[in-house]
Each structure stands twice: as C-alpha cells, then as structure tokens.
Protein chains: 2
Amino acid sequence: MTSKFLNIDEEKQQRILNAALNEFAQKGYDHASTNAIVKLAGISKGLLFHYFNNKKELYLFLHKHFIDVLQNEFFNEERFAEPDVFERLKNIMILKSQMMKKYPEIFNFFISAYTETSSDIKNELDDSHHELMQSSYAKIFENIDTTMFKENIDMKRAIQIVFWTLEGYSNQVMEKVKHTNQSDNDFSAEFAEVDLYIQMLKTAFYQ
Amino acid sequence: MTSKFLNIDEEKQQRILNAALNEFAQKGYDHASTNAIVKLAGISKGLLFHYFNNKKELYLFLHKHFIDVLQNEFFNEERFAEPDVFERLKNIMILKSQMMKKYPEIFNFFISAYTETSSDIKNELDDSHHELMQSSYAKIFENIDTTMFKENIDMKRAIQIVFWTLEGYSNQVMEKVKHTNQSDNDFSAEFAEVDLYIQMLKTAFYQ
DNA sequence: TACCCAATTGACCAACCTGGTCAACTACAT
DNA sequence: ATGTAGTTGACCAGGTTGGTCAATTGGGTA
C-alpha cells in the first residue's frame, strides 16, 4: 500500500524517488541501504517506512514508476515513424544514447535489476522489463517500407544484424563518452560514422 | 609478501586462486567475503591470512596473475597474423567470444574491477588493465595489408568503426548466449552473419 | 622414541551495518 | 484546548566483516 506516499506533495515524492533511484542504481537491490536513502532524501527513517511497508515494496514501486517514465518519453518519439528502416534504426540508437545521457541513473537501475542475481526480488519483477524490450523491438518493424529491398535478401535477418551491430556500437560510444567527456550532449561527431555505415548498408541491401 | 604462497604445491595454489577469483568476480572487491573464499577453497581462515597479509594484497595478486593468464593465451594466437585486417578483426572477435565462454569468471573479475568505483583499490590497480587494451589494439594494426584499400578511404577510421561495431555485436551475442543456451562452444551460427558483414565491407572499402 | 619447527586450524574479537519499530514530539485545523 | 496526521530518531536484535593467535597437527631428524 503506497497510497500514503502518493498523497504527499510532488516535490517530496521526487526527492525520495530520486534518492532511492540513485542508491539502488549504484549498489543494486541487496546492497542498497535504506539509511543512505533517507539521508539523501532528507527525511527520517521512520517516515520512509511509513510510506512503504518495507524495502522490497519501495523497490518494486520504483521499478514500475521508471518503466512508465521511459515508456512515455521514449515511445512518443516521432523518430519511430521514419519509414526507411535503416534510418529509423539510426534514429532510435541516437535517441537511446541521448536518453542514457539524460537519465544515466535510470539505465543503471534497470541494468542492476537485470544483472543482480542473488535476490528473491528478480522473480518478483513482473515481465514489465521484458515487455518494454519486446514492444520496442516490435516498433522497429512497424510500417516499414519493404519495397526497397532486393528480392533475394532475407529482410528480417538483415535488419536484425544491423540492429545488433548498431546497438553494440552505440554502447561502445556511450562507454567512451561516460569515461571521458561528460559535458556534450549531441553525439553528432560519434554518429557521423553511423551515417556512412547506413549509406553503405543501403547500397548493399536496396535494389 | 606472497613468497609463502608461491612455495606451496600447485594444486592448492590453484584451488585458492580459483576460489578467490569466483568470489571477487561475483561480488566485486568490497562485498567479496574472505570467509566465503576460504570455505570455497577448503582451507582455514588463518591459513589464507598466513599467505596474504590482507584482503587487498590477495586481490592485487589475483589481478596481476590473471592478466598474465590472458596475455599468454590471447596474444599467442596465430589469428593475429591474418594479413587481411577485416578478417583479422573477425577472428579476434571470435577468439574473444571463445575466451569469454571458456573463462567467464576471469572476464567478470576484470569487469567488476573496472566498474567497482567505491573502493580505494581502483587506484592501486596499476595501468596493467589499460595496457592490456592498448597492446591488443596495437596488434590489430600490426603488419596489415594496406594495398587493398581505396585511395580516398580514411583507413584508420574505417577500421576503427568496424572494430567497434564488431565488438558491440559480439557483446550482444555473448549476452544472448549467456542467458539462453550454455552448452555450445563454437558460435558458428552467430558469426555466420559476421561473414556476410565482412564481405560487404570489403566490397565497400577495397578497390 | 623424543624433539623440533613449520603448516594449519578455528574459536574469537571489536567494529560496523542492516531493515525495521515505536514512543514521543510537532504543526496545524477545529 | 483538543484531536489528529505527519514526522522524528534512538534503539533493537541479528548478522557479517577482516583479521588474530593460542593451540594442534604432522613430518623430518637424531
């Protein structure tokens, strides 16, 4: 029962959510400390456990909440409407990179939720995470222009490998950016290479 | 001073090293437990601290040791001799995947050493890890056949992006394999796609 | 056999941290 | 002045941590 939490004023909610997000993202579920969370949020221990019955309830609430945040911001992007599938893939990767830059803690949170093996929590995370992946994958194939492909090309397979290589590449870029320059936000330099790559693929796959 | 440790019989050394490797790989430095290590290794607490003065000394010894293991097995591969740079890149990625499959704990260990931020250990890890990366990167460009490239192509840049995309792709593959089928070892199916990719790149970049 | 010394044990330690509780206090509306 | 909802933080028992050290074992030597 989190109804008590939902009735307090927005600013305090945000403060608590962000504090918990940061702690869980950094340490994972098991090693995150509720003491650290209340300290960061600037509230007392008792109050946190007044809003949430226990640590697990807090975590699950967070998980659901930030899935929603991502869904709303990510999927309402016009970039998913681009008819050319390769261009669309490129756009999605750029979008993802921008989101990772904007909300690094959220991504860390989900990664740790996915990586963390030692806790009973994992089973309780409903399929929402998996669902998020599935629906993003489905969106890639939604209303694409298939007339351009050479007839002898296995389209799905081609798109899939391009998706994977691009995802891999963007991960490399993010990793690089994370450890070096933290100020820039557009990645235009990094993704210039991708443009070349995309053009190349088109000439290879399109008739 | 680890001289005591180096004088005991090989089998016991291995047992201790592997126990420590597993624990550190799984939990990272901070949360790894020396109790768990001695239990896993089948020795007493006192003995471990007879060989190593403290936890940190054990960890640093491990780090050095497994860097050596990787160096010896990885770099003595004839795959680095392949003259065609794209084929070489493919070979290296396959090699890396095979190594990750063969020694998952070692890779987890290094990843956790690189990721773990909260400890004073990180600073003490000499540049050996970074060095390993550098030398593997240098080996890619060693004695490659440059005559094939079109004149107007920025060769280094081209190789670099291919390297990154391939690395990204192989990471995706490993991630997939890790979470599904744990028995197979050759990845031939997964890397068939890469062959197509490599051929495509050659026609694009070579004259 | 008696002795020595190195290898090995594991009970023990103080320090610390954990999630969670609850009696008490505050602020504010009636 | 009274009631009530919001909020505090000292406190708890349980657990884990890295590290110590007196005691035991076992094999070699004389």
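No hydrogens, no waters, no symmetry mates; every other heavy atom, side chains included, goes into these values.
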### Message
Tell me the interatomic distance from B:Ile43, atom CD1, to C:dA6, atom P, rounded to whole angstroms.
### Response
20 Å
### Query
Whole-Å distance between D:dT20 P and B:Lys45 NZ?
11 Å
### Task
Before accepting this row, confirm whether a basic side-chain N of the pair B:Lys90/B:Glu82 lies closer than 4.0 Å to the acidic partner's carboxylate O.
no
#### Entry: Whole angstrom value for the distance that separates P of D:dG19 from NE2 of B:His50
16 Å
### Length of the CZ-P vector between A:Phe52 and D:dT7, whole Å
13 Å
### Query
Taking only N and O in the side chain of B:Ser33, is any of them less than 4.0 Å away from OP1 or OP2 of D:dT16?
no
#### Entry: Contact under 4.0 Å: A:Asn35 side-chain N or O vs C:dT18 OP1/OP2
yes
### Task
Provide, to the nearest angstrom, the distance between the NZ atom belonging to B:Lys39 and the C1' atom belonging to D:dG18.
17 Å
### Task
Mind calculating the distance between CZ (B:Phe49) and P (D:dC21) to the nearest angstrom?
13 Å
### Message
Between B:Gln160 and B:Tyr137, do the side chains contain a donor N or O and an acceptor N or O under 3.5 Å apart?
### Response
yes
### Query
Do the side-chain N or O atoms of A:Ser44 get closer than 4.0 angstrom to the phosphate oxygens (OP1, OP2) of D:dG9?
no
### Task
Measure from NZ or CZ of B:Lys55 to the centre of the six-membered ring of B:Tyr29, then state whether that distance is under 6.0 Å and the direction lies within 45° of the axis.
yes
### Query
Aromatic rings B:Phe109 and B:His63: how do their planes relate, parallel, tilted or perpendicular, breaks at 30° and 60°?
tilted
### Task
Look at the side-chain N and O atoms of B:Lys12 and state whether any lies under 4.0 Å from the OP1 or OP2 oxygen of C:dT8.
yes
## Note on the structure
Residue pair A:Leu47/A:Ala36 against DNA chain C: nearer the 5' end by closest nucleotide is A:Ala36
### Query
Donor-acceptor pair under 3.5 Å: do we get one between A:Lys4's side chain and the base of D:dG6?
no
### Query
How would you label the contact of B:Lys56 with the nucleic acid (heavy atoms, under 4.0 Å): base, sugar-phosphate, or nothing?
nothing
### Rounded distance in Å - CG (B:Asn53) to P (D:dG19)
9 Å
### Message
Check this one for me: any side-chain N or O of B:Tyr51 less than 4.0 Å away from OP1 or OP2 of C:dT8?
### Response
yes
### Query
For B:Ala32, which contact category applies under a 4.0 Å heavy-atom criterion: base, sugar-phosphate, or nothing?
sugar-phosphate
### Message
Rounded to whole Å, how long is the line connecting atom CG of B:Leu48 with atom P of D:dT20?
### Response
12 Å
### Query
A:Phe80 ring centre to A:Lys139 NZ or CZ under 6.0 Å, with the angle to the axis within 45°?
yes
### Task
Would you classify A:Lys55 as touching base, sugar-phosphate or nothing, given that sugar-phosphate means primed atoms plus P, OP1 and OP2, and contacts are heavy atoms under 4.0 Å?
sugar-phosphate
